Each structure stands twice: as C-alpha cells, then as structure tokens.
Amino acid sequence: MWLLGALLVAAFFAVGLRLLLEQNPALHAPLLRELPTEALFSLKLLLFGLCVLGVYVGRVAGAAIGSLVAG
C-alpha cells in the first residue's frame with residue numbers, strides 16, 4: 001500500500017517541481033536543450049523518476065532511523 005502512496009506523492013512533487021521550473025526561464029530553457037527531441041515528455045519522466053527516488057530514499061532513511069531508535 002505504501003508503494004501506491006509513494007507513487008502518488010512523487011507524481012504530485014513532479015508536477016509541482018515542473019510548474020516551478022517553468023516559472024524560471026533561466027533554468028528551464030537550458031534544461032530543455034539538454035534533453036532529447038521529445039523534451040517535455042522526457043522532462044516529465046525525469047522529474048517523476050527523481051521524485052520517486054527521493055520518496056524511496058526518504059522512506060528507507062525513515063525506516064533506518066526508526067530501527068535505530070527502537071533498537
């Protein structure tokens with residue numbers, strides 16, 4: 001069940017991050033130039049992947065801290 005929640009949280013983070021990135025053209029334009037031809041779709045996938053990784057690392061870190069506190 002936590003995996004579904006993690007995917008939903010990552011999707012919300014990715015959309016929010018993309019919207020914030022679009023507000024800053026100084027960062028958005030160079031990033032789009034570095035991506036392949038389907039830049040917008042690639043950017044969405046890249047941000048979603050990074051957010052999934054971030055949520056997963058946060059979950060693992062939380063579990064590690066929880067086991068240290070409990071043990």
Side-chain angles (χ1 to χ4, degrees):
M1 188 69 178
W2 73 267
L3 182 60
L4 178 64
L7 291 175
L8 287 173
V9 167
F12 284 125
F13 282 163
V15 169
L17 189 59
R18 185 177 55 86
L19 290 175
L20 286 174
L21 190 59
E22 287 176 353
Q23 298 298 319
N24 189 350
L27 293 175
H28 191 249
L31 182 61
L32 287 179
R33 282 195 304 265
E34 293 295 326
L35 294 172
T37 56
E38 293 293 324
L40 187 58
F41 184 69
S42 296
L43 180 62
K44 289 178 183 178
L45 283 177
L46 175 68
L47 291 177
F48 180 70
L50 289 174
C51 289
V52 166
L53 183 65
V55 168
Y56 180 73
V57 168
R59 174 114 173 123
V60 169
I65 292 171
S67 70
L68 287 174
V69 169

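Computed from a prediction, not measured in an experiment: that's the story for all the values here.
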Just verifying a value: how many Å separate Leu46 CG and Lys44 NZ, rounded to the nearest 0.5 Å?
13.5 Å

Rounded distance (nearest 0.5 Å) linking atom NE2 of His28 with atom CZ of Arg33:
11.5 Å

Check which hydrophobic residues are tied to Leu4 through side-chain heavy-atom contacts below 4.5 Å, counting indirect links as well, and list them.
Leu8

Who pairs with Phe12 by side-chain contact (heavy atoms from CB on, under 4.5 Å), at least two apart in sequence or on another chain?
none

Using the test side-chain contact (heavy atoms from CB on, under 4.5 Å), find all partners of Val15 that sit at least two apart in sequence or belong to another chain.
Leu19

Residues in side-chain contact (heavy atoms from CB on, under 4.5 Å) with Phe48, at least two apart?
Leu7, Ala10, Ala11, Ala14, Val52

Taking ILVMFWY side chains as joined if any heavy atoms are under 4.5 angstrom apart, and letting links pass through other members, which residues group with Val9?
Phe13, Val55

Those residues at least two apart in sequence (or on a different chain) that pass side-chain contact (heavy atoms from CB on, under 4.5 Å) with Leu31 are Leu21, Leu43

Rounded to the nearest 0.5 Å, how far does CG of Leu50 lie from CG of Leu45?
11.0 Å

